[in-house]
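First up is the structure itself, then whatever we jot down about it.
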2 protein chains.
Amino acid sequence: MRPSKRDELVEKALEVFYHNGFHATGMDMLAARTGISKTSMYKHFRTKEDLILAGLRLRDKEFRLWLFRRMEELGSTPRSQLMAMFDALKEWFAQDGFRGCMFIKASAEYQEASDPIFKLSADHKRLLFVYVSELAARAGAAEPEALARRLLILKEGAIVTAHLRLGENPAKDAKAVAKILLAEALGS
Amino acid sequence: MRPSKRDELVEKALEVFYHNGFHATGMDMLAARTGISKTSMYKHFRTKEDLILAGLRLRDKEFRLWLFRRMEELGSTPRSQLMAMFDALKEWFAQDGFRGCMFIKASAEYQEASDPIFKLSADHKRLLFVYVSELAARAGAAEPEALARRLLILKEGAIVTAHLRLGENPAKDAKAVAKILLAEALGS
DNA sequence: GCTTAAATTTACCGATCAGTTAATTAACTT
DNA sequence: AAGTTAATTAACTGATCGGTAAATTTAAGC
């Protein structure tokens, strides 16, 4: 079945928010870009915040699905899958329209710890942590959670660096560090 | 001599922008918070963007001054100063009012590569890179720029992680990776 | 004390913000 | 085809956006 109007709205809104920012994107602009009238949008979502949250939930699902699948495709063992995270990042950075991490940006505009948008952003990162921890455990790490935290610091750093267009290949740099890190944690 | 009205304005505006975001902070709100009327503000700055840029330039200077001085205070050799960067970060993260990196946030709200705010944010990071590269060279790194890029990826990752309040001590995690990295690059 | 210029204030500009009301169109039921 | 309901629209709300014009206060020069 074809996507509902509501799903179309969320998808398109997400795209505009990503490209343009949250506060900088008004509901009128979204109406113009989606071809859906404002009143219809407010039929589906009570507030702009609700629409943003729906967009972020979609992004969370899509991004994790994409990243985890790509890691599994590019790596055959838990250890090589961890390494492959940085190959996947490299692909992402090269996509045109890449503008950094949606959740870093969301948490930059909605900073209150109690803000649902901030919370959802942190939750996304925690779900990544769960997956990477699991993988680190299966790779035989003595402290899988510590290893996961460190790998994810590299990931976040690479994303920020890529977004600011510093360095030629932040994913490659991060991967080089990850290699050393895994050698230390799992043996070379 | 006491700070000029203009400097007071920039300082206070910077603080509000940092806490509240850029688009979310209106000029009327700044007038209310600083006690300076809007017309006076526009005497000093032609546009809101100019005020933001002045704030970011101040932050750039202050932050680099603070970080570099702290690294020199906490470390006696180039190598230990590189390590001390993460001790300084830990101090920063623990300050109340810490809300992540001003420049990451600025570049999240002003994403166009041609935007002066985006450019200034990237320039700030490049100045950090120059300093860390220099230090890496003096520490005897065979590829000081590669080492600097990698250490700074750890720095950015730690900042983002701390801002989202993931993990207990991202600075410590990043430092642990830095230690391994330096051992590999400079010998243990 | 008077004049002049600089700094500050109040009040306002049109545009846009998130969100709503009332009228219209489209779709389904019988 | 008529009647009912659901979806959509244009037009509007008060508030706020970035920015300004004209009036008022403050300060300086003589």
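The structure presented is a predicted model; accordingly, all values stated were derived computationally and were not measured. Atom set for the values below is all heavy atoms of this structure, side chains included, hydrogens, waters and symmetry mates excluded.
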Rounded to whole angstroms, how far apart are OH on B/Y42 and P on D/dA21?
-> 13 Å

Per nearest nucleotide of DNA chain D, the residue lying toward the 5' end, A/S37 or A/D28, is A/S37

Rounded to whole Å, the CE-P distance (A/M27 to C/dT16) equals 17 Å

In whole angstrom, give the distance that lies between atom CZ of A/R6 and atom P of D/dA6.
-> 18 Å

d(NZ, B/K38; C1', D/dA22) in whole Å = 16 Å

Please report, rounded to the nearest Å, how far the P atom of C/dT8 is from the CZ atom of B/F45.
-> 13 Å

Do NZ/NE/NH1/NH2 and the carboxylate oxygens of A/K119 and A/D123 come within less than 4.0 Å?
-> no

What is the distance from CG of A/L30 to P of C/dG19, rounded to the nearest Å?
-> 12 Å

To the nearest angstrom, the CD1-P distance between A/I36 and D/dA10 comes to 14 Å

Tested for side-chain contact (heavy atoms from CB on, under 4.5 Å) against B/L135, the lone hit among B/R79, B/Q81, B/E72 is B/Q81

Hey, which of these two, B/T47 or A/H44, hits DNA chain D nearer its 5' end, going by closest nucleotide?
-> A/H44

Rounded to the nearest Å, what distance is computed from the CE atom of residue B/M41 to the P atom of nucleotide C/dT10?
-> 15 Å

Considering non-hydrogen atoms only, spot the tightest contact between A/F118 and B/H163 and give its length.
-> CZ-O, 3.4 Å

Could a donor-acceptor pair under 3.5 angstrom be found where the side chain of B/T39 meets the base of C/dT10?
-> yes

Under 4.0 Å: is that the gap between some side-chain N or O of B/K43 and OP1 or OP2 of C/dA7?
-> no

Any salt bridge between A/E62 and A/R59, counting N to O under 4.0 Å?
-> no

Base C/dG19 paired with A/K48 side chain (donor-acceptor, <3.5 Å) | no

